[in-house]
Each structure stands twice: as structure tokens, then as C-alpha cells.
There are 2 protein chains.
Amino acid sequence: MVTISDIAAALGVTPSTVSRALSGSPRVKEETRLAVEQMAAEMGYERNVVASNLRKGKSDIVGIIVPRIHRNFFSNVIGGAESILEAAGYCVLICQTHERLEAEMKALRTLRNNQVAGVLMSHAIGALDGKHILDALGSHIPLVQFDRVFSDLPGAKVVSNNFEGAYAATRHLAEQGYRHIGTLAGYMNSEAYAARLEGWRQALRDCGLPEGEVYEDTIVRETGFEAGLKAIDAGCDALYSAGDFSALGAVEAARSRGLRIPEDFGIVGTANETFTSLMTPSISSLALNPFEMGRQAAQAFLSGEEGTVVVPMELKVRESSCRIHSENQIPDKPCLK
Amino acid sequence: MVTISDIAAALGVTPSTVSRALSGSPRVKEETRLAVEQMAAEMGYERNVVASNLRKGKSDIVGIIVPRIHRNFFSNVIGGAESILEAAGYCVLICQTHERLEAEMKALRTLRNNQVAGVLMSHAIGALDGKHILDALGSHIPLVQFDRVFSDLPGAKVVSNNFEGAYAATRHLAEQGYRHIGTLAGYMNSEAYAARLEGWRQALRDCGLPEGEVYEDTIVRETGFEAGLKAIDAGCDALYSAGDFSALGAVEAARSRGLRIPEDFGIVGTANETFTSLMTPSISSLALNPFEMGRQAAQAFLSGEEGTVVVPMELKVRESSCRIHSENQIPDKPCLK
DNA sequence: CCGGATAATACAAACGTTTGCACAAACATC
DNA sequence: GATGTTTGTGCAAACGTTTGTATTATCCGG
């Protein structure tokens, strides 16, 4: 492995000059810099980033912690963040928590021990507050939270307009004539889910509909199925689900009770997972904009600004919630107006 | 940040003793080790892995390079590898190449510069051979290839039984009465796709069917759609697709030509992406076993053994290829026997 | 009680880079 | 031409750990 000392020796200068030349310091003569660069290229030098990191006390690695990478939402956030960070010379260390708090803590420790330049994260559902995050990262590792955020933690945050999105989704169901709209609410220790719940509630009030049933802790297919059955038994004719997998479960629940979708039962999910547009019936979904959220999170890290960025959601109206003129509907196109 | 020197000072020993104590060297007294461990815990010490890595010349990071993390297949491979590596004390650095050779080379350089302990990878389609991999990793960073492998490179390999899988898929189509079976073959510079092509070819021969059309470079929805149209125009009544997204495109192509699936046109895809079982019609797919492949790849890295591990594929028969008694079929259950 | 083996620890040199400070030379200012 | 300022380099000390070798303490048999 060729080091800066080798280059220095070959050129009759000192390692410090080589180091400065390669890092673009204004304190070396243009001529020297060129000589160094040429010799470095010639000898096939590549900087030992581990040594560099040790000396500088931080690395060019940015850690991203997500519950699960195979969720469309998260893999797209990662993609968005990567597109920005890579251009800025960082590389990305991805950790999955599988929604487990202990895995999240381990990931945080790992990242800190590797002296990452920053952490972008969406916390596990198992985490009740962000204390462990603060403890692990201390004050010198910048933190950017996205989607699931603890708003009392310092640092930048990137979120969706969950309240408005859920409001629009619920209102859409009401406009389609559904009158008893429940919700699969997700986990209440996540502010994102809590905001969606409030949006749903407000929409019901504004539409003059009675308070609907709330089914918490529903986020996967199985729990969506069970809650869907309960909702049907409780007399619901529609559900706004804060997740797509649980919406899928609810669709299956309705089917298993012999209900037609959307004629007898309407459903809107959240996240716009790939399958929602491919299924029959296709599932209406409140789309997040994960790629953009990833980009914004990365930008926030790079700029160091601390504010909260709101990335708007978009309601994708599909078959599962369109019972007005539903035979004319084309999936993915709004059916109103 | 508390260092081993701090612990040493507090205990009146030297840093070297502390280091040895913490790394479990037999050259420290049991009593000293306990004292060190206790003091370390008390002071909240955590090893600076960057310094450790520099000194040791390698890190506890294992790099995983995949074309795209949001593909179900790859995210599950990562999950499988992670489950093994994490237990062994490694952490995982994930890089995406987006199928671009230059991104792959950059990822390899990044990993080498970070002195990773090993690399697990599935090469980008853009790569014609593995020379750049060898160049980047040299001989001292162990390499494990999975799924898409260059068989002339050294190191362990984990692959599916692509030939046998494609053979079974094609045979299944023939047994369903399809007589003109083409293939969406993927990219021929990948040995995995080449093997599937051969399996398809052999099945046609063994079933006494004529040689079918081959559409190369089909791997995404759009190219699958285009190739699907061509296949239909060429008189095909079925396709074995080496990917699911291209199979999806082909389904859409058949629909756009007014063909009924599976009555008029049969399709089997590959990879068992989530959407295949949720669509209508559900798409039959040749399932890989990504989680197991990831586990095997990680095991191969840990053990250092160089052989080739074959993980079997499993044909999931669904609606898109079941025209015999197709109204009785239940998705996901085989319809034969 | 001494010589030699063994056990436990100390010493010091790495690993490759970065960076504050010192230093010399060149240049500008009065 | 003395003084101050800029410009380019060299020197050396870090960063925190690991590890080969030297050193001391401990123990044994004779």
C-alpha cells in the first residue's frame, strides 16, 4: 500500500506537504500540488480513510437507520439520501432495526463507534422516546430524523404532512358516500401515526360524520386482517388505514366476509407500496414521497440547518375507494372532478 | 471520550495491559482483567474502533454490494447475511450500484479504503467480467459472490439452481398445454440468466417443442412490455421470464392485445416479488430463496471456505400459468397433482 | 539461597494521516 | 535598508489502539 510518505520521499518533500497538496490546502504552491497529484496518480496512491478518520475524529460515513429496508418507503428514502450524499463524497452505512429497540440501540452504538459524520434515522416502533438516541449520539454527531420523529429531540426533521394527508384521504371516503369510517391507526408512540389519526378525526367532524372506530397497533397484514374483521363487525363501511400492508389485510378481511370492494366496503391505505396499484382491486393509497424525503434529509445534514421540512403527500385514488361511477374508473387517476 | 489510557491511569497499569485485558488475552491475570472490565464499565469506556481498525489494518465492517436494495430479492439477501454477520460481531455497509459499472467500481473502492473485512456482492449487469473486482479488492479482502457470479473469480459463491428452476418452470408451461413458449431472458453477461436460458431451452427440447423466441436485455417492466408485444406478434402463447418485473410487463402487453391470462397466454416469472401473489391474475413465479442465500454467503465469509453453494429454487404456481381447471385454482397452491 | 523457568506487566514503536507551530525565503512598505 | 507581511515547507505531535520485545515479579527445584 502506497502512503503519503512514499510520495513525499519520491518527491523530496515531507508528508505534511503531500497531505496538504492532496486535500487542496491553499498553503502549497500550485506547482508542488501538480507534482504531488501526478506522482500520486503514477504510484496508484489512495488515501487510507481509516487513518484519516482517526486523525480527524470523524469519518465520511453517514449512517442511516431504518426499521426495515425492504419496505418500499424506506428503500426509497435511502435511495434519495444516497443520491445527495454520494455526490457530496460521503458513503452510506445502512442499519435495520426490525422495529426492535435493542437493535436500534446497537445500531446507534455501532455508528458512533465508527465515528460517522452523521445519522439519518426513522426510529423503531418499539422506542417510546428519543432519550437513547441522544445518549448514544451525544452532541457532536448530527442527527436528522425523518418520517417517524421525536419532535423534542434536537436536529433537523423531515416529515410528511400527515394530518392533511389523512384528512384528504378520509374526506375522499366521505365524498364517495361512505358513512361509517374507521381507521387502522398504527402505533401511537409515533407522532406520524398520531397526526394521521387526528387528520382522520378532523375530517369526520368536518363532514358531519360520527366518531369512528380506532384500531391501534395495526401495521402489518395480519393485524390489518384481524382489525378489518372487527371493523366490519362493528358496522364500518370504510377504513382509512395508516399503512398499506394493514390495508391489504383489511381488503382480505372484507373479502372473507363476502363484501364487495368498493361497493360495500371502501379502503384507503398509506405509503403507495408497489402492490397497491397492481392488485385487484387496486388499493387507493396516500402516497408519501420517500425519495424526496431522503433527499431533504441528506440536504439537512449537509447544510446543518435544524428546521423541520414538510414533504407533501399525495392521495392516489384507485378502485378500492371509488364507488361513484366506479366502472368508469381508471386506476391511479382521481375519480373526482 | 474515555480511552484505554484513562482506564490504565485510573488503575495504575499501562494501556497495553488494558488493551490485552479487554481483548481477552491469556497474558493478563484474571484479577487484573476483572478490575479492568469493571473500571471500563464504570467509566463508560467504549473501544474506538477506528483506531483499532487502523492498527489492525482491517475493520469489523462487511460490505455488501447489490444492484438495488429495493428489489425484494436483494433486500432479503441482505437481511439473511445481516442475521449471521451481526451475531458474529460484524456490521454491514450496504452499497447500491443501480446496475452501473462505474458505481460498482466506486463502491469497491470505498469498501477497500474503509478496509472492510470482506465483501459480499452481486455484480451489476453493466459489468462484463470481474476484473475490476479483483483489481479493487486485491488478494487480502475476501470476496463472496451471490446470485450473479463470475465463476472465474476466486472466492466463495452462492447461487441458485437456475438451470433446473427454469427447466421446471418451462416444463410446467408445457404441461399446461402451451405450445409456443418464448423467454424474456435478461442479460447474457450474467451467468445466472444464461443458465436460466439453457434450462428453458432444454425443457423445450425434452418436451418436444420447437425452439422459442428469445428476448434479451429484458429485466424491467417497460422492456418486458415491449418484448411481450413482440412475443405475441411472433405467435408465442406463453413466456418464461427470467424476472418478475418483466413478467409484469408481459402481462400488461397481453392485456393490451386483448388476450386472456391464462386462457390465451401463459406467464411464469422469476423471483417471487411480493406483487406477484397479490395481482390479478396472480403471477406464477420461480422463487429464489434470498434469505437463505444471504445466510450462506455470510457463512462462507466467516468460514473462509471457497466452494460454490447451491440454494434451490421453488416454483410457485399461480393463476397466470394455470389454464387446466383454472377456475378451481387457489393462488399459491400448485395446480398439478 | 541461588539459578532458571514462568507469569504478568511495562515499554515503545508502530498504523497513516492531519495540523499547529516554527522557520525560511520572498516580497512589500515606509 | 530595516521592518513587517506574506508564502511555502518542514517538524513533530497528535488520534487510540495493538503487539513484539524487554523487564520485573513470582515460583520452583536443587
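Below, read A as the first sequence line, B as the second, and so on, with proteins coming before strands; counting in each chain starts at 1.
Between the side chain of A:Asn72 and the backbone N or O of B:His70, no donor-acceptor pair lies under 3.5 Å. A distance-only check finds no donor-acceptor pair linking the side chain of A:Ser122 to the backbone of A:Val66 [under 3.5 Å].
The distance from atom CG of B:Asn114 to atom P of C:dC15 is 20 Å, rounded to the nearest whole Å. If you measure from atom CG of A:Asn53 to atom P of C:dT18, you get 9 Å, rounded to the nearest angstrom. Between the P atom of D:dT9 and the CG atom of A:Leu11 lies a distance of 11 Å, rounded to the nearest Å. For B:Met1 and D:dT17, the CE to P distance is 10 Å, given to the nearest whole Å. Across the protein-nucleic acid pair, B:Ile4 atom CD1 and D:dC15 atom C1' stand 12 Å apart, rounded to whole Å. Rounded to whole Å, atom P of D:dT19 lies 13 Å from atom CG of B:Leu22. Per the geometry, NZ belonging to A:Lys58 stands 16 Å off C1' belonging to C:dT17, to the nearest Å. Between B:Arg47 atom CZ and D:dC15 atom P the separation is 19 Å, expressed in whole Å.
Proximity of B:Thr32 to the phosphate of C:dT9: a side-chain N or O atom is located under 4.0 Å from OP1 or OP2. For the pair A:Ser16 and C:dT19, the criterion of a side-chain N or O lying under 4.0 Å from OP1 or OP2 is not met. Considering only side-chain N and O atoms, B:Thr14 lies nowhere under 4.0 angstrom from the phosphate OP1 or OP2 of C:dT9. Phosphate proximity of C:dT18 to A:Ser52: present, with a side-chain N or O under 4.0 Å from OP1 or OP2. OP1 or OP2 of D:dT19 has not a single side-chain nitrogen or oxygen of B:Arg27 nearer than 4.0 Å.
Nucleic acid contact class of A:Val49 (heavy atoms, under 4.0 Å, all strands): none. Within the 4.0 angstrom heavy-atom criterion, only backbone atoms of the sugar-phosphate kind lie near A:Thr3; the bases stay farther away.
Proximity of A:Leu11 to A:Val18: side-chain heavy atoms (C-beta onward) are nowhere separated by under 4.5 Å. Within the 4.5 Å cutoff, the side chain of A:Val149 has heavy atoms near those of the A:Glu191 side chain.
Comparing A:Ser5 and B:Arg55 against DNA chain C, the residue whose closest nucleotide sits nearer the 5' end is B:Arg55.
When the local axes at the two ends of the helix from C:dG4-D:dC27 to C:dC30-D:dG1 are compared, using 5 base pairs at each end, they differ in direction by 50° after rounding to 10°.
Between A:Glu99 and A:Arg148 a salt bridge is recorded (basic side-chain N to carboxylate O distance below 4.0 Å).
When distances run from any side-chain atom of B:Lys56 to the nucleotides D:dG20, D:dT18, C:dT18, the shortest one goes to D:dT18. In this structure, of C:dG16, C:dT19, C:dA10, it is C:dG16 that holds the atom nearest to the side chain of B:Leu54. Of the candidate nucleotides C:dT9, D:dC15, D:dT9, D:dT9 has the atom lying nearest to any side-chain atom of A:Thr17. Which of D:dA14, C:dG20, D:dG8 sits closest to the side chain of A:Lys29 comes down to D:dG8.
B:Asn48 and A:Gln115 share a side-chain donor-acceptor pair at under 3.5 Å. Between the side chains of B:Thr14 and B:Ser16, at least one donor N or O lies within less than 3.5 Å of an accepting N or O.
Rounding to the nearest 0.5 angstrom, the gap separating the OG atom in B:Ser75 from the CZ atom in A:Arg71 is 11.5 Å.
Side chain A:Arg20 to base D:dG10: a donor-acceptor pair is found below 3.5 Å.
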